[in-house]
K.L.:
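I have a structure here, written as structure tokens, and I will follow up with some questions on it.
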Amino acid sequence: MSTIADNLQAVNKRIADAAHTVSRDPHEVVLLAVSKTFGPDAVIDAARAGQRAFGENYVQEALNKIHALHSTLPDVKLEWHFIGPIQSNKTRSIAENFDWVHSVDREKIALRLSEQRPAHLPPLNVCVQVNVSGEASKSGVSAEEAIRIAHAITVMPRLRLRGLMAIPEPTEDVKLQRAAFHALRDLFEKLRVQGLIIDTLSMGMSADLEAAIAEGTTLVRVGTAIFGVRSRAP
Ligand SMILES: *Cc1c(COP(=O)(O)O)cnc(C)c1O
């Protein structure tokens, strides 16, 4: 077995153990393998080990891998999730090549994604990225703004609102990890009470996936624990 296959098995066990600890079904938690900065060979290894959903932060880098995987494993249907900051001039490539976008933080970006999503593809699945760490974090919008953008997305024809995403400020303090995830969960429930049909809480990474599972996450985004330490800045 490759190192990546071993790592995947270990991460899936962490997810199962964390779920069982809080009496959740491990199948409620999707594992998104974050392959940014790693080459196509790493993704091929992971796909051969059974991993199907991959997260990428940089459009051009992702397109190279999407094409490489398509030619190397043409019969394996993979799901590609865009999780990085979105520049306006990249929305078309994202709309044409990805299945999901987790990092929507402006109504204008959502509108462009909807307008540019090709008619032959199903609606693009999207999450609104929320800043749950206040001043400490630059990415994501406030809770009030997230509510506004989420409602706006529900009337965009080529988008399907799935839920919320957050990248809390890193901390080793499990209480603080849980508090940030809890805040996102609260906002998620609030949107549901307002009538939005959403099913995805994208929260938890290599270092804090147990805390996220305890707070109700439905999708963990894991890079380092699967592919190893990244040699260039994320
Ligand atoms: C890089 C990245 C991850 C993965 O982080 P790890 O700590 O390597 O697991 C998850 N989510 C986003 C948005 C990222 O940019």
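When a ligand or atom number is given, it counts from 1 through the structure's own listing order. Quick note: numbers below take in every heavy atom, side chains included, and nothing from hydrogens, waters or symmetry partners.
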K.L.:
Determine yes or no for a side-chain-to-main-chain donor-acceptor pair under 3.5 angstrom, with Arg221 supplying the side chain and Gly204 the backbone.
P.N.:
no

K.L.:
Does either side chain, that of Thr91 or that of Arg112, offer a donor lying less than 3.5 Å from an acceptor on the other one?
P.N.:
yes

K.L.:
Would one find an N or O of Met165, backbone or side chain, under 3.5 Å from an N or O of ligand 1?
P.N.:
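The answer is no, given that Met165 and ligand 1 share no N or O pair closer than 3.5 Å.
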
K.L.:
Of Val76, Val43, Thr72, Ile4, which meets side chain to side chain contact (heavy atoms under 4.5 Å, CB included) against Arg48?
P.N.:
Thr72

K.L.:
Any idea which part of Asn57 is under 4.0 Å from ligand 1, heavy-atom wise: side chain, backbone, both or neither?
P.N.:
side chain

K.L.:
Using a strict 4.0 Å cut-off to heavy atoms of Ile83, name the atoms of ligand 1 that fall inside it.
P.N.:
11 (N), 12 (C), 13 (C), 14 (C)

K.L.:
For ligand 1, which atoms have a heavy atom of Arg221 less than 4.0 angstrom away?
P.N.:
4 (C), 9 (O), 10 (C), 11 (N), 12 (C), 13 (C)

K.L.:
Minimum heavy-atom separation for Cys127 to Thr200, with atom names?
P.N.:
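Shortest heavy-atom contact: SG-CG2, 4.1 Å.
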
K.L.:
Could you name the option among Pro85, Ser206, Ala33 that has the heavy atom nearest to atom 9 (O) of ligand 1?
P.N.:
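Shortest heavy-atom distance from atom 9 (O) of ligand 1: Ser206.
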
K.L.:
With salt bridge (Lys or Arg N to Asp or Glu O under 4.0 Å) as the criterion, how do Arg178 and Glu215 come out once you've worked through the C-alpha distance, each side chain's angles and the decisive distance to 0.1 Å?
P.N.:
CA-CA 7 Å; Arg178 287 192 59 161; Glu215 294 295 341; 2.7 Å; yes

K.L.:
Out of Lys36, Gln129, Arg230, who is nearest to atom 1 (C) of ligand 1 when you count heavy atoms only?
P.N.:
Lys36

K.L.:
Give the numbers and elements of all ligand 1 atoms closer than 4.0 Å to a heavy atom of Val222.
P.N.:
9 (O)

K.L.:
In terms of the angle between their ring planes, are His102 and His81 parallel, tilted or perpendicular, with boundaries placed at 30° and 60°?
P.N.:
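His102 and His81: tilted rings.
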
K.L.:
Identify, by atom number and element, the atoms of ligand 1 in contact range of Ile167, meaning under 4.0 Å from any of its heavy atoms.
P.N.:
13 (C)

K.L.:
Hey, is His102 one of the residues with a heavy atom under 4.0 angstrom from ligand 1?
P.N.:
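Contact absent.
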
K.L.:
Report, in ascending order of atom number, the atoms of ligand 1 lying under 4.0 Å from any heavy atom of Thr224.
P.N.:
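Those qualifying, in numeric order: 6 (P), 7 (O), 8 (O), 9 (O).
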
K.L.:
Charged N to carboxylate O below 4.0 Å: is that the case for Glu61 and Lys65?
P.N.:
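Yes, charged N to carboxylate O under 4.0 Å.
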
K.L.:
Which residues end up grouped with Leu32 if you chain together Ile, Leu, Val, Met, Phe, Trp and Tyr wherever their side-chain heavy atoms are less than 4.5 Å apart?
P.N.:
Val30, Val34, Ile83, Leu219

K.L.:
Can you name the atoms of ligand 1, numbered from 1 with element, that are less than 4.0 Å from a heavy atom of Gly223?
P.N.:
4 (C), 6 (P), 8 (O), 9 (O)

